[in-house]
Amino acid sequence: AKFKLGCIDCVVCTSLLRRYGKGSSRSDVPLHFDEYALATAIVSLDPAAGFEGGLVVQSTPGSKRFLAELEQGDMLFHSYDLLHGVDVRAGARRSLIMWISSDAASCASASTPWKERNARHGDMHAQFQLS
């Protein structure tokens with residue numbers, strides 16, 4: 001992952017255990033960007049047969065949404081510019097979520113130097129998120 005991201009100093013800044021659907025106060029999370037993560041790793045903790053729906057991704061605003069079908073133990077890795085959300089229509093889904101920062105200092109200060117650099121170089125996703 002560090003080579004794919006082009007940052008050898010990347011660190012897991014925040015880890016979360018989330019539950020969606022039955023037995024949880026939330027069954028969905030609207031489409032969003034992970035604002036303070038250079039990248040996010042999501043590990044499915046439940047068999048896909050235990051819930052209906054799951055992680056929804058959309059490559060660009062207005063484009064078709066896709067369900068990322070994850071089995072128990074599968075990990076999905078995405079960068080900060082992926083629009084995504086959760087929609088669990090039946091059952092319960094649990095995930096381990098790790099937000100990755102470019103380095104320990106950026107994590108500690110909740111800064112996003114990668115986004116600022118990419119915005120200066122014309123990246124529309126970075127520019128939109130910083131506006």
Side-chain angles (χ1 to χ4, degrees):
K2 289 184 176 192
F3 296 110
K4 185 83 169 166
L5 290 173
C7 76
I8 57 172
D9 296 322
C10 289
V11 297
V12 173
C13 185
T14 304
S15 298
L16 314 160
L17 286 172
R18 288 275 168 93
R19 182 182 179 123
Y20 307 95
K22 185 178 180 181
S24 171
S25 61
R26 50 167 62 173
S27 61
D28 69 323
V29 175
L31 290 173
H32 64 280
F33 296 105
D34 292 338
E35 294 287 329
Y36 292 98
L38 169 64
T40 300
I42 302 166
V43 180
S44 180
L45 301 177
D46 294 301
F51 59 91
E52 182 181 322
L55 180 68
V56 178
V57 298
Q58 187 174 14
S59 59
T60 57
S63 66
K64 185 175 180 180
R65 296 176 185 178
F66 293 94
L67 180 65
E69 297 183 22
L70 300 176
E71 266 301 335
Q72 186 174 29
D74 287 350
M75 181 174 79
L76 182 135
F77 188 77
H78 69 80
S79 61
Y80 72 91
D81 58 355
L82 181 68
L83 196 55
H84 63 284
V86 176
D87 182 15
V88 174
R89 288 172 246 115
R93 174 183 176 265
R94 294 174 300 161
S95 298
L96 169 62
I97 302 165
M98 294 167 276
W99 289 330
I100 299 164
S101 188
S102 60
D103 55 63
S106 297
C107 175
S109 65
S111 61
T112 57
W114 60 87
K115 201 178 295 183
E116 294 159 14
R117 179 187 63 245
N118 291 351
R120 282 192 306 273
H121 289 103
D123 182 290
M124 68 177 180
H125 297 289
Q127 291 170 344
F128 171 76
Q129 290 182 34
L130 290 171
S131 64

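Note that the coordinates shown come from a computational prediction; the quantities given were computed from them, not determined experimentally. In what follows, residues are counted from 1 in the order of the sequence shown.
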Checking Asp34 against His84: is there a side-chain donor and acceptor pair closer than 3.5 Å? yes
Which atom names give the shortest non-hydrogen contact between Asp81 and Phe33, and what distance separates them? O-CE2, 3.4 Å
Considering only heavy atoms from C-beta outward, does the side chain of His78 approach that of Val57 to under 4.5 Å? no
Look up atom CG in Leu55 and atom OG in Ser95, then write down how far apart they are to the nearest 0.5 Å. 7.5 Å
If you measure from SG on Cys107 to CG on Asp9, what distance do you get to the nearest 0.5 Å? 13.0 Å
Can you run down the salt bridge (charged side-chain N to carboxylate O under 4.0 Å, His left out) pairs that involve residues 21-32, sequence neighbours left out, and say none if there aren't any? none
Closest non-hydrogen contact found for Leu67 with Gly54 is CD1-N, 3.6 Å
Once rounded to the nearest 0.5 Å, what's the spacing between atom CG of Asp87 and atom OG of Ser27? 7.0 Å
Is the closest side-chain heavy-atom distance between Val86 and Arg18 below 4.5 Å? no
Suppose we screen for side chain to side chain contact (heavy atoms under 4.5 Å, CB included). Which residues come up paired with Ser59, at least two apart in sequence or across chains? Ser63
Closest heavy-atom pair and its distance - Ala119, Ala126: N-CB, 3.6 Å
With clusters defined by side-chain heavy atoms of hydrophobic residues (ILVMFWY) lying less than 4.5 Å apart, directly or transitively, does Leu16 cluster with Val29? yes
What pair of heavy atoms forms the shortest contact from Leu38 to Cys10, and how long is it? CD2-SG, 4.0 Å
Gln129 to Tyr80 - nearest heavy-atom pair and separation: NE2-O, 3.2 Å
Straight-line distance of Ser106 OG to Lys115 NZ, nearest 0.5 Å: 11.5 Å
May I ask whether Leu82 and Phe128 are part of the same hydrophobic cluster, defined by side-chain heavy atoms of I, L, V, M, F, W, Y residues being less than 4.5 angstrom apart, directly or through others? no
Salt bridge (charged side-chain N to carboxylate O under 4.0 Å, His left out) partners of residues 45-72, not counting sequence neighbours, each pair once: Asp46-Arg94, Glu52-Arg89
I need the Ile8 CD1 to Asp103 CG distance, nearest 0.5 Å. 11.0 Å
Cluster overlap Tyr20 with Leu96, hydrophobic side-chain contacts below 4.5 Å: no
Does any non-hydrogen side-chain atom of Trp114 lie less than 4.5 Å from one of Thr112? yes
Keeping Ser24 on the side-chain end and Arg19 on the backbone end, is there a donor-acceptor pair under 3.5 Å? yes
Could you tell me if the side chain of Val43 sits less than 4.5 Å from the side chain of Met98, heavy atoms only? yes
Nearest atoms (heavy-atom pairs only) where Thr40 meets Ala37: OG1-CB, 3.8 Å
Could you state whether Leu17 and Val12 fall into the same hydrophobic cluster, counting links through intermediate Ile, Leu, Val, Met, Phe, Trp or Tyr residues with side-chain heavy atoms under 4.5 angstrom apart? yes
To the nearest 0.5 Å, what is the distance between CG on Asn118 and NE2 on His125? 10.5 Å
